[in-house]
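All values below come from the heavy atoms of this structure, side chains included, with hydrogens, waters and symmetry mates left out.
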Protein chains: 2
Amino acid sequence: MPEHSGTNFPTMVDVARLAGVSTATVSRYLSSPEAVKTKTRDKVALAIDSLGYTPNFGARAMAAKRTQTIGAIIPTMENAIFARGIQAFQEELIRHGYTLLVASSSYRQDIEEEQIRMLVARGADALLLIGYDRSQKTYQFLKERGVPILVAWVYQQDTPQLSIGFDNREAMAGLTREVLRLGHTRIGCISAFTDNNDRARERVVGISDAIKAFGLLPECLTVVQTTYSVESGGRALEQLMSKSEKPTVIMCGNDVLAVGALRKAKAMGFSVPRELSITGFDDIELATLTEPQITTVHVPHRKMGRLAARMIVDRLQGKPRRPSLKLKTDIRMRGTLAQAQKTPSGIGSR
Amino acid sequence: MPEHSGTNFPTMVDVARLAGVSTATVSRYLSSPEAVKTKTRDKVALAIDSLGYTPNFGARAMAAKRTQTIGAIIPTMENAIFARGIQAFQEELIRHGYTLLVASSSYRQDIEEEQIRMLVARGADALLLIGYDRSQKTYQFLKERGVPILVAWVYQQDTPQLSIGFDNREAMAGLTREVLRLGHTRIGCISAFTDNNDRARERVVGISDAIKAFGLLPECLTVVQTTYSVESGGRALEQLMSKSEKPTVIMCGNDVLAVGALRKAKAMGFSVPRELSITGFDDIELATLTEPQITTVHVPHRKMGRLAARMIVDRLQGKPRRPSLKLKTDIRMRGTLAQAQKTPSGIGSR
DNA sequence: AAGTGATTTGTAAGCTGTTACATTTTGAAA
DNA sequence: TTTCAAAATGTAACAGCTTACAAATCACTT
């Protein structure tokens, strides 16, 4: 009768016995093969192979107090905004022997908090978070548990956390300057909800900055807040364009909103960009698939993801701490932005 | 001096001591609170709360031999094909107390195999896989380790694995029947590479089926294989349309390819759908954002994700095994498919 | 051949839960 | 009150790996 019965898999003890070495040696072979003599190495490799051994993750995590797992919490998986960046992040992590665990928060702070706890509970060695906006309590929790975090998709100098991203405010201000130069004086803005979303907030502030610097009155700008979706972009546009003082340009918080706005504008019979200009943000693939293509702010998503992974890995390997990283964005002039219409402003509308 | 120093977190022993109970009781409180008396329950809850205790995932996994984790391996995260389905899958899993671990394979069998091993090594209780095509070795491995799998995005009756999905072949045949009814007799097809991709393969076969049933010759169909991307869809279209015998309709393996084909067709000066019809598959959001909107096969992604989660959870909870599930698809007639042009076929081209 | 420091390997003590089984407590019936 | 099954709780044996430290081996010197 078998000593151990049931559905048990080979363990390190089995491998050690077969190879004629101790479990310590097997463990060493697994985590730092170069510390094991070639001859021993071969014996162990053979034993592992012939038993089909795989180390037990739980046991490993418990003994080593690390999991080689990085957690990431993104606001949404459904639209492409984060997809490219996260994909690159994952690829780079894998290259360094780490695994990515992704969760999404649906842009809700309470869910994000829950997910953070979940990932920490699962032993994530570090976390990638999007944007700064979250409760002090959350930051405190992370600090207590000793879980390093990297804040991505934003860059701010004066924060305690390590971050990688771009200056949303300045990027949007840059695009606004182009808009203003083209003679637009009535600007509509479709933004995501700005509570708990620093990126959305800063983009709106960027528009204001540029307007002020250009010498126009703040009243030139009308902001509508909504959720991030094609549908709601359309509804917001409808709302903005049904006023008596119609904007000549709609600046959207991201490309998804811009696509919705564009589609609705066309459906309402506005000619884009002749009668109405539209801009986006992010430069996701979608922005080049519309007719006309969307003028937007290009963000180096893949690069950001890749560098984010490196920063985290370096951090975990105890390398000297790099400073936060600011990436450059640039404006992609495409078909939806043009000179403002010359028709007299106050007259004739409605 | 402290008995335990270092950066250690409270363990179950600490909770038990503070609450004045045994660790077994704490463990019971955590996994089946109803088995603990109200009074004890309160004591334990208080202790947990005041210590800020969180159970250690690794220890739990090791002791309980399950992780409440489900793994999923999808071909890609970058385009939206799987996003909605997986999102729904995750939502439903969370509702049942499970966590989702997602990995992607870039449509490569070797990478998928690697990811399967990784997820199994991490203790995934079950796996969601896309499509049937994988080596016997892989299936064998999964069986040996006793990890249940659910095959999604396809439905086939005569396979040993539990599956949920739709009949790709029949769905595409249905769309083809519409195409044929509109008088098209020269059909181009842009497919994903069909090795290791049953879905792509079956869709192509579906087209052939319909053509045969309609009484046309197999030569009516020209297939080009490529990777799944907007770019390559465009290149494939270029290839198909530079032949002397130009197709009057291009049937694409999915919407991403269709979008690429549509864009390139317009760029080449073909009027869609007057001179050239185009069809897609999947009905992702993108399909309604083009001009004209893409005629495609609608797949109930969210429903599939949700049901997949239920099937897996039921399975893990030992409920009676449900049979594989076949979901209905339907054709969304939109702007890119129209009557074939009446111009004589062989004459005049080139 | 002995000595020495470096390299390689072994020993054994954790790490933190779960759960089978044993024991105690509880509460209703006798 | 006593009795007894059911309910609640406790005891203790694991689970499989990592790693500090000890021991053995190796490669040179002298």
Side-chain angles (χ1 to χ4, degrees), chain A residues 3-44 47-48 51-69 120-123 125 145-146, chain B residues 3-44 47-48 51-69 120-123 125 145-146:
Chain A
E3 203 180 344
H4 315 286
S5 62
T7 172
N8 289 315
F9 305 118
T11 72
M12 194 171 264
V13 175
D14 301 319
V15 175
R17 192 182 308 134
L18 182 60
V21 299
S22 72
T23 59
T25 300
V26 177
S27 176
R28 269 181 220 114
Y29 167 83
L30 254 23
S31 51
S32 40
E34 72 284 355
V36 176
K37 244 193 180 172
T38 317
K39 215 170 146 187
T40 321
R41 198 145 63 198
D42 293 345
K43 282 192 297 185
V44 176
I48 287 180
L51 288 172
Y53 166 77
T54 327
N56 177 303
F57 177 74
R60 196 167 216 183
M62 194 161 64
K65 294 187 177 308
R66 50 188 154 61
T67 56
Q68 302 286 103
T69 298
V120 169
R122 298 185 89 77
D125 293 341
R145 310 299 286 203
Chain B
E3 204 181 344
H4 314 288
S5 62
T7 173
N8 289 314
F9 305 119
T11 72
M12 195 171 262
V13 175
D14 300 318
V15 175
R17 193 183 307 135
L18 182 60
V21 300
S22 73
T23 59
T25 300
V26 178
S27 176
R28 268 180 221 113
Y29 167 83
L30 255 23
S31 51
S32 39
E34 72 286 353
V36 177
K37 245 193 178 173
T38 317
K39 217 168 143 189
T40 320
R41 197 146 64 198
D42 293 345
K43 281 192 298 185
V44 176
I48 287 180
L51 289 173
Y53 167 77
T54 327
N56 177 302
F57 177 74
R60 196 168 216 182
M62 191 162 66
K65 296 186 178 311
R66 52 187 152 62
T67 57
Q68 302 285 103
T69 299
V120 169
R122 299 185 89 77
D125 293 340
R145 310 300 285 203

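- A:T23 places no side-chain N or O within 3.5 Å of a backbone atom of A:V13 that could act as its donor or acceptor partner.
- Between the NZ atom of A:K39 and the P atom of D:dT25 there is a distance of 13 Å, rounded to whole Å.
- A donor-acceptor pair is defined here as one N or O able to donate and one able to accept, closer than 3.5 Å; no such pair exists between the side chain of A:R66 and the backbone of A:D125.
- Regarding contacts with the backbone of D:dT9, every side-chain N or O of B:T25 stays at 4.0 angstrom or more from both OP1 and OP2.
- Between the CG atom of B:L51 and the P atom of C:dT16 there is a distance of 14 Å, rounded to whole Å.
- Between A:R28 and B:M12, the residue whose closest nucleotide on DNA chain C is further toward the 5' end is A:R28.
- Residue-level contact check: B:A64 touches the backbone only, with heavy atoms under 4.0 Å from sugar-phosphate atoms and none from bases.
- In this structure, A:K65 reaches the C:dT16 phosphate: one of its side-chain N or O atoms is under 4.0 Å from OP1 or OP2.
- Within the nucleic acid shown, A:V21 comes within 4.0 Å of sugar-phosphate atoms alone, with no base atom in reach, counting heavy atoms only.
- Within 4.0 Å (heavy atoms only), A:V36 reaches sugar-phosphate atoms of the nucleic acid but no base atom.
- For B:A63 and B:R41, each mapped to the nucleotide of DNA chain D holding its nearest heavy atom, the one lying further toward the 5' end belongs to B:R41.
- Rounding to the nearest 0.5 Å places OG1 of A:T11 at 7.0 Å from OH of A:Y53.
- B:Y29 comes within 4.0 angstrom of no nucleic acid atom, judged by non-hydrogen atoms across all strands.
- Among the heavy atoms of the strands lying under 4.0 Å from A:Y53 are primed sugar atoms or P, OP1, OP2 only; no base atom is included.
- If you measure from atom NZ of B:K43 to atom C1' of D:dG10, you get 12 Å, rounded to the nearest angstrom.
- Nucleic acid contact class of B:T54 (heavy atoms, under 4.0 Å, all strands): sugar-phosphate only.
- Taking all atoms of both residues into account, the shortest heavy-atom contact from B:T54 to A:A121 is CG2-CB, 3.9 Å.
- Base engagement by A:S27 is indicated by at least one non-hydrogen atom pair under 4.0 Å involving a base atom.
- Atom pair B:K37:NZ and D:dA6:P shows a separation of 18 Å (rounding to whole Å applied).
- With distances taken from any side-chain atom of A:T23 to the nucleotides D:dA12, D:dC17, C:dA12, the minimum falls on C:dA12.
- Atom CD in B:Q68 sits about 16 Å away from atom P in C:dG17, given to the nearest Å.
- Per the geometry, CZ belonging to B:F57 stands 16 Å off P belonging to D:dC17, to the nearest Å.
- Considering only side-chain atoms of A:M62, the nucleotide from D:dT19, C:dT19, D:dG16 that sits closest is D:dG16.
- Rounded to whole angstrom, the span from the CZ atom of B:R66 across to the P atom of D:dA15 amounts to 17 Å.
- For the atom pair A:T25 OG1 and A:L30 CG, the distance stands at 11.5 Å (nearest 0.5 Å).
- The side chain of B:S22 places an N or O atom within less than 4.0 Å of a non-bridging phosphate oxygen (OP1 or OP2) of D:dG10.
- In this structure, B:R60 does not reach the C:dT16 phosphate: none of its side-chain N or O atoms is under 4.0 Å from OP1 or OP2.
- For the atom pair A:M12 CE and A:D14 CG, the distance stands at 11.0 Å (nearest 0.5 Å).
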